[in-house]
Every structure is written in C-alpha cells, then in structure tokens.
Amino acid sequence: VLLAAAPTRLIDKTLMVLKAAGLNPVSLEIEIIALARSLVPPSPGVVMVVDFGAKATDFAVVENGQVIFVRSIATAGEALTRAVAAGLNLNPNQAEAYKKAYGADPKQLEGKVIGAIGPVVEVIVGEMEKIIQFHQLEKKKTLSRIVLAGGTASLPEISALLAKRLNLEIQIGDPFSQVVKDSLI
C-alpha cells in the first residue's frame, strides 16, 4: 500500500490548469513516483531516484520497475544557494550563479564553493546513506545505482562527489530514455 497526500489547494490548482488546457484528468500521482517511472525501466534490480528540487530533495527506491519506498527532506537547491551566499558573502543571485558555475568542483575558486555547500550536501548524503542502509539491513536488498534528477543534479562534479561518497554508480536521469522514437527522425 502506498499512501500519498497533497493539500487540496494544490490538487485543485493542478486540476484547474489541466481542464483549462482542454484535458480531462482521470488520476494524479506525486512527482517523485512519476519521475521514477520515467527514469527507471521495469527491469531487475533496485535503484534509487533522487530528485534535487529547489525546496525539497525527494527519494524513491524502485525495484523491478515498482516504487517501493518514498522519502522527502526539506534540504535542497535553495539551501545550497543560501550556504554559498553566507559562505562567500554574496547576494542570492550571485550565489546561485556561483553554485551553478562551480558546484562541487574542489578545483574551482580554491574549493570555496564546495566548502560552503559541503554541510548541506552532507545532510543529503546522510539521508541517502540511511536509505541505502535500511534497504540492505532491513529489506536485504542492495541498490545497484542512483539516478539523479532536478536542477541540482546538473551541478558540476556533484555526481562524482556522490559516487565517491556512496560507492555506487551515479547517473543523470534522462526522461526520454524510454520514449519510443519514430524511426524516420
């Protein structure tokens, strides 16, 4: 059983937009589940999908194409930007630009950006480690890889940092990987 809840105002707003577009929605699903379905094909193995959003980081564990675990934390891209702003004494717009340009690359700006975002990244990595350990110890399942999505997933060197810390294959998600393309294109 998977139970998901959303504020009524959010659902009503989504339905209003869909109906205004001339669509007749028959169901809704939470973003991380839709993302997991688009990024992880139904194949053997256990995969974690991590959606680095602006306000939250969402995690889904997928086994044989089915979402078996979902978790969300309120630490994400905006927290990274605030950390860069505070650590380098920049305004939010400059901090966002630095975050996007230098990310987790220790060779850039003498490692100042990764130094600033390090504690925030540690919170996210810590959550990923807890999820991995839970599935190994409690569920006796070993994750084979992690698929990253969201704006923060594109930060320079973030996937290399995560691969090193978690000792797992890290991929940037491609939502079109499962789309059947016309052979004429």
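- One N or O on the side chain of Thr57 and one on the backbone of Thr75 form a donor-acceptor pair closer than 3.5 Å.
- For the pair Leu143 and Leu168, the tightest heavy-atom approach, listed with the atom from each and the gap, is O-CD2, 3.4 Å.
- You'll find the side chain of Met128 reaches within 4.5 Å of the side chain of Leu162, heavy atoms only.
- For the pair Gly87 and Ala116, the tightest heavy-atom approach, listed with the atom from each and the gap, is CA-CB, 4.2 Å.
- Using a 4.5 Å cut-off between side-chain heavy atoms of Ile, Leu, Val, Met, Phe, Trp and Tyr, with links allowed through other members, Val47 and Ile68 fall into different hydrophobic clusters.
- Rounded to the nearest 0.5 angstrom, Leu28 CG and Thr14 OG1 are separated by 6.5 Å.
- A chain of hydrophobic side-chain contacts below 4.5 Å, direct or via other Ile, Leu, Val, Met, Phe, Trp or Tyr residues, connects Ile172 to Val50.
- Contact check for Met48 versus Ile132: side-chain heavy atoms found under the 4.5 Å cut-off.
- Taking each heavy atom of Ala83 and Val120 in turn, the nearest pair found is CB-CG2, 3.9 Å.
- Judged as a ring-ring contact (aromatic ring centres under 6.0 Å, His included), and not counting sequence neighbours, the contacts of Phe69 are Phe134, His135.
- The environment of Gln66 atom CD is sparse: at most 12 non-hydrogen atoms of other residues, nucleotides or ligands sit within 6.0 angstrom.
- Side-chain contact between Ile124 and Thr152: absent, with no pair of heavy atoms (C-beta onward) separated by less than 4.5 Å.
- A distance-only check finds a donor-acceptor pair linking the side chain of Lys99 to the backbone of Gly77 [under 3.5 Å].
- Partners of Lys13 under the salt bridge (charged side-chain N to carboxylate O under 4.0 Å, His left out) rule, at least two apart in sequence or in another chain, do not exist in this structure.
- Looking at Leu161 and Ile158, their side chains come closer than 4.5 Å, going by heavy atoms from C-beta outward.
- Within a 6.0 Å sphere centred on CG of Asn167, heavy atoms belonging to other residues, nucleotides or ligands number 12 at most.
- The minimum heavy-atom distance between Ala6 and Leu10, with the atom names listed, is CB-CD2, 4.5 Å.
- When the shell of 6.0 Å around CZ of Phe52 is examined, it contains more than 12 heavy atoms from other residues, nucleotides or ligands.
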N/O donor to acceptor pairs below 3.5 angstrom from side-chain atoms of residues 33-45, sequence neighbours left out:
unit_1, atom_1, unit_2, atom_2, d
Arg37, NE, Glu29, OE1, 3.4
Arg37, NE, Glu29, OE2, 3.1
Arg37, NH2, Glu29, OE2, 2.6
Ser38, OG, Leu35, O, 3.0
Ser43, OG, Pro41, O, 3.4

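- Clustering ILVMFWY residues whenever any of their side-chain heavy atoms sit less than 4.5 angstrom apart, transitively, puts Ile146 in the very cluster that holds Val46.
- Side chain of Ser72 to main chain of Asp58: no donor-acceptor pair is present (N/O by atom type, distance under 3.5 Å, no hydrogens or angles).
- A pairwise comparison of heavy atoms in Pro25 and Leu18 identifies CB-CD1, 3.8 Å as the closest pair.
- Here the side chains of Ile114 and Tyr102 are not in contact, with every heavy-atom distance at 4.5 Å or above.
- Nearest approach of Ile32 to Ala60, heavy atoms of both residues: CG1-CB, 3.6 Å.
- Contact annotation: the side chain of Arg165 approaches that of Glu122 to within less than 4.5 Å [non-hydrogen atoms, C-beta and beyond].
- Dense packing is recorded around CG of Asp12, with more than 12 heavy atoms of other residues, nucleotides or ligands lying under 6.0 Å away.
- Connection of Leu166 to Phe59 is established within a shared hydrophobic cluster, with ILVMFWY side chains joined at heavy-atom distances below 4.5 Å, either directly or through further cluster members.
- The closest donor-acceptor contact from the side chain of Lys140 to the backbone of Leu137 lies under 3.5 Å.
- When the shell of 6.0 Å around CD of Glu157 is examined, it contains more than 12 heavy atoms from other residues, nucleotides or ligands.
- Grouping the Ile, Leu, Val, Met, Phe, Trp and Tyr side chains by contacts below 4.5 angstrom, directly or via other members, places Ile170 apart from Val62.
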